[in-house]
Each structure stands twice: as structure tokens, then as C-alpha cells.
Asker: 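The structure that follows is given in the form of C-alpha cells.
Since the model is a prediction, treat every value here as computed from it, not as a measurement. Excluded from the calculations below are hydrogen atoms, water molecules and symmetry mates; all remaining heavy atoms, backbone and side chain alike, are included. Along the sequence shown, the residues carry numbers beginning at 1.
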Amino acid sequence: MADLSAPRLPAARATNPPWARPAPDARNALPGATLGGVRILLRLEGLAVLAAAVAAYIHLGAGWGAFAMQFLLPDLSFLGYLAGSRAGAIAYNAAHSYIGPVALLGLGLAGDASVALALGLIWSAHIGLDRALGYGLKYGSEFGATHLGRIGRADPW
């Protein structure tokens with residue numbers, strides 16, 4: 001016979017907040033990919049870079065036509081995938097790492113060159129948007145393998 005004297009409470013849940021737990025999505029279970037809170041933090045960092053770059057671009061007073069024309073230029077690095085996954089990853093990572101834009105920003109500040117500053121800010125904004133959307137640096141194994149997890153469908157078939 002059942003004991004009806006004591007109420008039954010649901011089992012206690014894990015005390016970790018959602019951003020501190022690994023992502024439940026199996027698509028992100030990729031060796032070398034970040035998960036959970038670290039992935040969210042890196043995406044928020046990308047959003048912060050995008051916002052800071054756009055704010056600095058506004059402060060610089062450069063034209064928005066140039067911004068629009070040059071914003072997607074780093075994505076031409078996808079053409080590297082015509083030579084294979086490894087070459088494509090190298091080309092994509094060269095165009096989507098902060099090394100290039102930070103070098104341009106440094107040159108622009110040191111040489112008082114507003115064109116270099118504008119290009120560095122546009123490039124930084126592009127990378128920030130990509131990171132915020134979850135597009136990370138690529139591994140040479142395949143197009144969809146990134147440091148922020150797998151992109152695209154897990155199984156295209």
C-alpha cells in the first residue's frame with residue numbers, strides 16, 4: 001500500500017546555470033570545439049567586437065558606402081576551398097583572425113592613416129559578426145568543423 005502521509009517532491013535539478021553546462025546539441029560535440037558557457041562567451045565577445053568596431057567607425061566619420069562594399073570581402077577567402085579543405089581552412093582563418101585587422105589598426109594609429117583605420121574597423125566588424133553568429137575558425141578536416149562547434153547540418157543526407 002502506498003504511503004500518502006508525505007508529499008513527493010520532484011528531484012533536485014543541477015545547480016549549474018544553463019550557460020555553465022555543456023550544450024546539449026550533439027552537432028557541437030566536435031574534438032577541439034568549445035561548448036557551453038565558453039561558446040556563449042566567445043559569441044558574446046564577437047558581438048562586443050562588432051559593436052565597438054561600428055561605434056569606432058561612426059566616430060571616424062568614414063563613409064557607409066565603403067563599409068557596405070568592403071564588409072563581405074573577407075568571405076572571398078571561401079574560394080580557398082576550391083583547392084581542398086586544408087587550403088580552404090588556411091585561407092579562411094587568415095581572413096577571419098584578428099591579426100590582420102589589429103595590424104591595420106596599429107598602422108592606422110601610428111601613421112595617422114584614416115584609410116587603414118577604416119579598413120581595420122570594417123574587417124574587425126566582419127569577424128565580430130561571424131563570431132556572434134557562431135562561425136568560428138575552421139579546422140582543416142572539413143568545412144563545417146570550427147572552434148565554435150559544427151556549422152551546417154550534422155548529416156546532409
Asker: Would you confirm whether the ring centroid of W123 sits within less than 6.0 angstrom of the ring centroid of F71?
Answerer: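 No, they do not, as the ring centres are separated by 6.0 Å or more.
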Asker: Side chains of W64 and I58: closer than 4.5 Å at any heavy-atom pair?
Answerer: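 A side-chain contact under 4.5 Å exists here.
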Asker: Flag the pair T146 / L137 as yes when at least one side-chain heavy-atom distance between them is below 4.5 Å, and no otherwise.
Answerer: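 The answer is no; the side chains never approach within 4.5 Å.
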Asker: Find out if a path of hydrophobic residues (ILVMFWY) with successive side-chain heavy-atom gaps under 4.5 Å connects L76 to Y81.
Answerer: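 Shared cluster, no.
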Asker: Could you give me the CA-CA distance, side-chain angles and deciding distance for I90 and K138, then say whether side-chain contact (heavy atoms from CB on, under 4.5 Å) is met?
Answerer: CA-CA 8 Å; I90 291 169; K138 309 282 188 201; over 6 Å; no
Asker: Count I, L, V, M, F, W, Y as connected when their side-chain heavy atoms are under 4.5 Å apart, and connections chain through other members. Are V102 and V115 then in the same cluster?
Answerer: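 Yes, one cluster joins them.
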Asker: Report yes if some heavy atom in the side chain of H126 is under 4.5 Å from a heavy atom in the side chain of R131; otherwise report no.
Answerer: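 Contact flag for H126/R131 side chains = no.
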Asker: Considering non-hydrogen atoms only, spot the tightest contact between A116 and G108 and give its length.
Answerer: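 Looking at all heavy atoms of both residues, the closest pair is CB-CA, 3.8 Å.
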Asker: May I have all residue pairs that pass side chain to side chain donor-acceptor pair (under 3.5 Å) and include part of residues 47-56, sequence neighbours excluded?
Answerer: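 Output for this query is empty, none listed.
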Asker: Are L119 and I127 connected into the same hydrophobic cluster when the rule is that any two of I, L, V, M, F, W, Y join if their side-chain heavy atoms are below 4.5 Å apart?
Answerer: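 I127 and L119: one cluster.
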Asker: Distance check, rounded to the nearest 0.5 Å: R86 atom CZ versus E142 atom CD?
Answerer: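 Going from the CZ atom of R86 to the CD atom of E142 covers 15.5 Å.
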Asker: Looking only at non-hydrogen atoms, find the nearest pair between Y135 and Y92 and report the distance.
Answerer: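 Where Y135 meets Y92 most closely, the heavy atoms are CB-OH, 3.9 Å.
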Asker: Could you tell me the separation between the OG atom of S124 and the CG atom of L129, rounded to the nearest 0.5 Å?
Answerer: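 With rounding to 0.5 Å, OG (S124) is 12.5 Å from CG (L129).
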Asker: Is there a path of hydrophobic side-chain contacts, each under 4.5 Å between heavy atoms of I/L/V/M/F/W/Y residues, joining F78 to L73?
Answerer: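 In one cluster: no.
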Asker: When L117 is tested against each of D112, I122, L105, L104 for side-chain contact (heavy atoms from CB on, under 4.5 Å), which residue passes?
Answerer: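 Filter result, single survivor: L105.
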Asker: Would you mind reporting whether D130 and D75 have side-chain heavy atoms less than 4.5 Å apart?
Answerer: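 A side-chain contact exists here, since the closest heavy-atom pair is under 4.5 Å.
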Asker: Quick check: is L72 connected to Y57 through a chain of hydrophobic side chains (ILVMFWY, heavy atoms under 4.5 Å apart)?
Answerer: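 In one cluster with Y57: L72, yes.
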Asker: Got more than 12 heavy atoms from elsewhere within 6.0 Å of CD1, I99?
Answerer: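 It does not: I99 CD1 has 12 such atoms or fewer within range.
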Asker: V49 versus Y98: any side-chain heavy-atom pair under 4.5 Å?
Answerer: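 A side-chain contact exists here, since the closest heavy-atom pair is under 4.5 Å.
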Asker: Would the distance check show the side chain of S77 and the main-chain N or O of P74 forming a donor-acceptor pair, the cut-off being under 3.5 Å?
Answerer: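 Side chain of S77 to backbone of P74, a donor-acceptor pair under 3.5 Å: yes, one is there.
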